[in-house]
Every structure is written in C-alpha cells, then in structure tokens.
**Q** 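Let me give you the structure first, and then I'll get to my questions.
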Amino acid sequence: MMRLWEQLVREQPGLKKLPPVMPVLVHHSDTGWTAARAFEDIVAIDGPARAALLPHTPRFELRLIDVSGGRAGDLVEQALTALGKVVLWCLSVSGDDARLEREIGRIAAALDEVLQAPSGLAALEALLRYLVTTHARFSVRKIGRLLEKAAGPRAQEAIVTTLDEIERRGERRGRAQGRAQGRAQTLLELLAARFGAVPADVSARILAADEAALVAWTTRVLTAPTPEDVLAEDGERPAATRRPAARKRARRA
C-alpha cells in the first residue's frame, strides 16, 4: 500500500489526499489462514501501553478470503464479479474431486455470465486448465462434461470448443516434449561416450532443457573439453585453444 501511494505522489506532486487502498488476501491451504490479519498485530505492544499506543500504530488490516477446504459456501456470495465467483470456487475445490462434482452447480449462473463476456473464452480456457491441473484423476473430457451440465446449453458450444483447443495444444506439446526427450537422451549418450559417467547435475540440466538448448549443446559436444563446458553459456565458455597434438605436429614440421 505504501509503495502504491509513494508512486502516486511521485506521479502527481500536487496531490493533497490519497485514495483508499483495500488489501485483499486470497488464501488456500490445508489449515486455513492462521497468521495475523493486521499490521498492528505484529507490532510488539504489550500490557497497559497497548491501548494507549494502538491509535498511533498503522493498522493495515487485510480483507481475508480464505478458500481452504470446505469454505466455499459463503465465498460465492462475497465475490464481486461472475469471474471472481468462479475463480474462488475453483480454488476452494482444488484437489477435492468429490466436492468438484458435488458443488459444481453452485457456479452455474456465474459461469454462464462469464462466457457471455468478450473475453469469456479466454477465461474459460484458463479455468479449465486450472481444473485439469488440480484434479489429475479426472480427464479433460470429464471436467468438460461436468461444466457443460452445470452451465446449460448456451455454454456447451463454448466449452466443447475450448476443450478441443486444449487437447490440440496438449498434443502439440506432447510431440515437442517427445522430440526434446529424444535429443536429451542422445546428448547424454554422446557425453558418456566421450567423457565417461555424466555428473548428476549435468544430467538433470539436460533432462530439464528445452529443444533449442539441446540442439546447441549437441553441436558443441565434440569440441568442448568437459561436460560442463558443453552446457556453458556463451559468456562462460573459455576461449578456444589448439590441441597439444596439433602443436607437436607443427613443431616437427
């Protein structure tokens, strides 16, 4: 809040009063929010002095929205927009497949409203991706069917279109990942053939790399002096040197 106000004052030097800032905290965990909600609660003022000093201590109390397990009931009514209602509900049922199926009807009207907005399809795709990620035991199609049933016929076409696009992107990503995995395995085999056992940190970096990096490293594997040099950034690579055997041949010549 202070940083926002400081920036505003810098941009508007003649400003006489500051606008209000309402801090909102969205929290999701197994235990629920257990820490302080106001700045004054972390200032060490004890005993009789507390009542006297609190009026002079900044409060900065957070508006807490706790979506931890089982607390979605009141959140839908608290949210200010249809998208906010759907997002908070998705956070609340994260990882709980039974609640997802049981409570999905709660967001039916809000979901229908989201899909009528100009950016509705983009919002729906983000929501579907989140639900697929946090409910791994459900297929993309099953989550889509649940949403179709909840949202009604007007939303069904948009949901089907979005599901098709998610699956197409998943297929393209899967093919790219397959190519990258193949390149990574080839690079590891080349390193092992040239240098022997590949260090664990080098192997981990190769397996986590994208295809562009793997292509660059594979072209470098035959000339770099060590496995670490194969993976070095351009600025980290040592200057090229001639091989000792070449110098000996030059002297004999």
**Q** Rounded at 0.5 Å granularity, tell me how far CG in L190 sits from CD in Q185.
**A**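 Result: 10.5 Å between the selected atoms.
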**Q** Go through the steps to decide whether V93 and R102 satisfy the test side chain to side chain contact (heavy atoms under 4.5 Å, CB included), and finish with yes or no.
**A** CA-CA 10 Å; V93 301; R102 185 173 65 249; over 6 Å; no
**Q** Could you report the tightest heavy-atom contact between A82 and A110, atom names first, then the distance?
**A**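 So the minimum-distance heavy-atom pair works out to CB-O, 3.6 Å.
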**Q** Taking the side chain as every heavy atom from C-beta outward, state whether T81 and V114 have any atom pair closer than 4.5 Å.
**A**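 Sidechains of V114 and T81: no contact.
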**Q** Judged by atom type as modelled, is there a donor-acceptor pair below 3.5 Å linking the side chain of D229 to the main-chain atoms of A224?
**A**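 No.
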**Q** What are the two closest non-hydrogen atoms of A184 and L207, and how far apart are they?
**A**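 In this case the closest contact between A184 and L207 is CB-CD2, 4.2 Å.
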**Q** Nearest heavy-atom pair of S92 and R99: which atoms, and what distance?
**A**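 Scanning both residues, the minimum pair turns out to be O-NH1, 3.0 Å.
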**Q** With sequence neighbours excluded, give me every side-chain hydrogen bond (donor to acceptor under 3.5 Å, both in side chains) pair touching residues 49-61.
**A**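 As it turns out, the side-chain hydrogen bond (donor to acceptor under 3.5 Å, both in side chains) pairs with a partner in residues 49-61, which skip direct neighbours, are E40-R59, R59-E61.
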**Q** So, for S94 and H135, which heavy atoms are closest and what is the spacing to 0.1 Å?
**A**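 Of all heavy-atom pairs spanning S94 and H135, the closest is CA-NE2, 4.1 Å.
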**Q** Taking the side chain as every heavy atom from C-beta outward, state whether F39 and L62 have any pair of such atoms under 4.5 Å apart.
**A**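 They are not in contact (no side-chain heavy atoms under 4.5 Å apart), so the answer is no.
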**Q** Got L131 and F138 here, is their nearest side-chain heavy-atom distance under 4.5 Å?
**A**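 L131 does not reach F138 side chain to side chain.
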**Q** Would you give the length of the straight line joining atom CG of L146 to atom CD of E103, rounded to the nearest 0.5 angstrom?
**A**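 If I round to the nearest 0.5 Å, the distance is 13.0 Å.
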**Q** Does the R194 side chain pair with the main chain of P225, one donor and one acceptor, at a distance under 3.5 Å?
**A**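 No, the answer is negative, given that no donor and acceptor are paired below the 3.5 Å cut-off.
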**Q** Heavy-atom distance under 4.5 Å between the side chains of R205 and W217, does that happen here?
**A**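 They are in contact (side-chain heavy atoms under 4.5 Å apart), so the answer is yes.
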**Q** Is V215 reachable from I206 through a run of I, L, V, M, F, W or Y residues, each pair having side-chain heavy atoms under 4.5 Å apart?
**A**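 No, separate clusters.
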**Q** Working to the nearest 0.5 angstrom, can you tell me the gap between S203 OG and L191 CG?
**A**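 Result: 9.0 Å between the selected atoms.
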**Q** Should L4 and M22 be regarded as members of a common hydrophobic cluster, given that ILVMFWY residues are connected when their side-chain heavy atoms come within less than 4.5 Å of each other, either directly or indirectly?
**A**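 No; tracing contacts between hydrophobic side chains, which count when under 4.5 Å, never links both residues.
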**Q** Do L127 and V87 have side-chain heavy atoms sitting under 4.5 Å apart?
**A**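 Yes, their side chains come closer than 4.5 Å.
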**Q** Say whether M1 and V24 are linked into one hydrophobic cluster, either directly or through other cluster members, by side-chain heavy-atom distances under 4.5 angstrom.
**A**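 M1 does not cluster with V24.
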**Q** My understanding is that only one of D66, I65, L64 makes a side-chain contact (heavy atoms from CB on, under 4.5 Å) with L25; could you say which?
**A**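 Single side-chain contact (heavy atoms from CB on, under 4.5 Å) partner of L25 among D66, I65, L64: L64.
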**Q** Decide yes or no for L100 and W89: does some side-chain heavy atom of the first lie under 4.5 Å from some side-chain heavy atom of the second?
**A**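 Yes, at least one pair of side-chain atoms sits under 4.5 Å.
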**Q** State, with a plain yes or no, whether a side-chain heavy atom of L188 is found less than 4.5 Å away from one of V202.
**A**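 SC-SC contact between L188 and V202 ruled out.
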**Q** Could you report the tightest heavy-atom contact between K85 and I107, atom names first, then the distance?
**A**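 Closest pair (atom of K85, atom of I107, distance): O-CG2, 4.4 Å.
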**Q** Mind checking whether W5 and F60 have parallel, tilted or perpendicular rings, split at 30° and 60°?
**A**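 W5 vs F60 ring planes: tilted.
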**Q** Identify the heavy atoms of P199 and E228 that sit nearest to each other, and give their distance.
**A**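 What the structure gives for the nearest pair is CG-OE2, 3.8 Å.
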